[in-house]
Protein chains: 2
Amino acid sequence: MDGPIRRRRARPATYHHGDLRAALLGAAETILERDGIQALTLRAAARAAGVSHAAPAHHFDDLTGLLSELAAVGFVRFGVRVAAATAAAAGGPRSRLQAMGRAYVAFARAHPGLFQLMFRSERLDATRPALRDGLAAAGQALRRAVAARASRALSPGQVAAEAAAAWSLAHGFAVLLLDGRLRPLIAALPRGGSADALLEAVFAVTRVGRGTAPARPRR
Amino acid sequence: MDGPIRRRRARPATYHHGDLRAALLGAAETILERDGIQALTLRAAARAAGVSHAAPAHHFDDLTGLLSELAAVGFVRFGVRVAAATAAAAGGPRSRLQAMGRAYVAFARAHPGLFQLMFRSERLDATRPALRDGLAAAGQALRRAVAARASRALSPGQVAAEAAAAWSLAHGFAVLLLDGRLRPLIAALPRGGSADALLEAVFAVTRVGRGTAPARPRR
DNA sequence: CCGCGATCTAGACAGTGACAAGATACGCAT
DNA sequence: ATGCGTATCTTGTCACTGTCTAGATCGCGG
């Protein structure tokens, strides 16, 4: 504890921190991923950054502000990951959509605390510019992945339906997986499969966007 | 407020409440649905029930206990609803699975606070007998709905995959809907559709369990 | 070089969960 | 019925939290 290159706390030489905002965000993310979302408090972040308990208020107005800014960086990071994965996916639009789903779940598993924070909307303030932008960026990445499918002239309603289906499937899988609710289903897989194996099995079983017409399984 | 048949608080006649446990659970649910999950505190529940701030600890050990017991009643209620809806669904196993999804989302919309609490696992204690039983009951209801599809001799792995797919789709849709994230998609529907319309459109577009073989779209 | 504003500290207050100790009354054994 | 053990409930307290206020320190532009 108290590494040698820690900013203050050892020597209170510099009254001003220099880049406290970024330091607080970093400390907050560390606490979030290590101790869970309920341990992420304004004072804990201030302690970790080596500043007084009231310092964070000057950069983020209140706790909602800190959480919102942190969620915002999560959303942009998320959008970048998803966009990169879908762009790098070879094959048709269907495999691209699956790549998006894989990236979605992979992000949730890599940053579980951040992912949960991003969807803890009652503690966030979506009107904050940073969060608003992050949400827009992530939403655009998702929309782009689905829109690639729309090449065959789908109606806006059908595009919305497919987007909702793909998004719901990926998000539900990620949430249930993080909650440990899918564990029995994973155990039911042959050879005691992994979460990835279950996701692939889900892809194999679902046919989102296989055909355009809602009814009539013809063709 | 302060209905005439309120237990105490008006006359501190009865030192003992009589049925404080149920009263606290009722008050807690009221607070949860009216003011949100962050307003649901031990002391707030105690105030609403007209008892001292330390009284709840004797029935639920701590806040986690209260939340867990409330989530447990949510799960049994949820299981009953889902089981009833799937049992009442006419038609084949596919329409029964859709009925389950509809009931799933309908429950989330009818009791948003309770639904969110049920999946706020970091604040719950799954080892509590009541919550353990509630989880088991709800899980059984879901498993039964999926198992009906398994009549055509599916492998356990495929059953798990279909269960994960159906559950993820329903859960993700419910969560995203409660968060308001699906609003733009709903607006994109023809004639400014509703959430129900979007769910039906999702059903029409997805073909979970349409066939057992993963590849080959041939029918 | 000065002073103004941004940054950070120190202190205080109300609200929270949790714990301890005491008051009350229910219900069971006799 | 009656007395007592114990579950139930109250009061008081403590550490911790978010938020507000006032003051200290420093950086930067005039």
Can you tell me the distance, in whole Å, between the [atom1] atom of [X] and the [atom2] atom of [N]?
| X | N | atom1 | atom2 | answer |
| --- | --- | --- | --- | --- |
| R21(B) | dC26(C) | CZ | C1' | 19 Å |
| L66(B) | dG17(C) | CG | C1' | 12 Å |
| Q38(A) | dC16(D) | CD | C1' | 14 Å |
| L24(B) | dT10(D) | CG | P | 10 Å |
| D61(A) | dA6(C) | CG | P | 14 Å |
| H17(A) | dG27(D) | NE2 | P | 14 Å |
| D35(B) | dT16(C) | CG | C1' | 16 Å |
| F60(B) | dA18(C) | CZ | P | 13 Å |

Taking 4.0 angstrom as the limit, do [X] and [Y] come out as a salt bridge?
| X | Y | result |
| --- | --- | --- |
| R77(A) | E29(A) | yes |
| R128(A) | D61(A) | yes |
| R143(B) | E162(B) | no |

Enumerate donor-acceptor pairs with a distance under 3.5 Å from any side-chain N or O in residues 192-205 of chain B to protein atoms, sequence neighbours excluded.
from    : atom 1 : to      : atom 2 : distance (Å)
S194(B) : OG     : D196(B) : N      : 3.4
S194(B) : OG     : A197(B) : N      : 3.3
E200(B) : OE1    : R102(B) : NH1    : 2.8
E200(B) : OE2    : R102(B) : NH1    : 2.5

*Report yes if a side-chain nitrogen or oxygen of R47(B) is closer than 4.0 Å to either non-bridging phosphate oxygen (OP1 or OP2) of dT16(C); otherwise report no.*
yes
*asked:* Does dG17(C) have OP1 or OP2 under 4.0 Å away from a side-chain N or O of T41(B)?
replied: yes
_As a test of reading the structure: which of dC9(D), dG18(D), dC8(C) is closest to the side chain of L20(A), going by heavy atoms?_
dC8(C)
_Please compare A55(B) and D62(A) by the position of their nearest nucleotide in DNA chain D and report the one closer to 5'._
A55(B)
_Pair of N/O donor and acceptor under 3.5 Å linking dT19(D) base with R43(A) side chain_ = yes
*What about H53(A), does its side chain sit under 3.5 Å from the base of dG11(C) through a donor-acceptor pair?*
yes
Extract from the structure each pairing of a protein N or O with an N or O of nucleotides 20-24 of chain C at less than 3.5 Å, listing the distance.
from    : atom 1 : to     : atom 2 : distance (Å)
dA23(C) : N3     : Y15(B) : OH     : 3.2

Return all side-chain donor-acceptor pairs below 3.5 angstrom for residues 173-191 of chain B, not counting sequence neighbours, or 'none' if the list is empty.
from    : atom 1 : to      : atom 2 : distance (Å)
D179(B) : OD1    : S121(A) : OG     : 3.1
D179(B) : OD2    : R181(B) : NH1    : 3.4
R181(B) : NH2    : M118(A) : O      : 3.1

*Taking the inter-plane angle between the rings of F115(A) and F78(A) on a 0 to 90° scale, is it parallel (under 30°), tilted (30 to 60°) or perpendicular (over 60°)?*
tilted
*Do H171(A) and F119(A) have their ring centres less than 6.0 Å from each other?*
yes
*On DNA chain C, nearest-nucleotide positions of A44(B) versus H59(A): which is more 5'?*
H59(A)
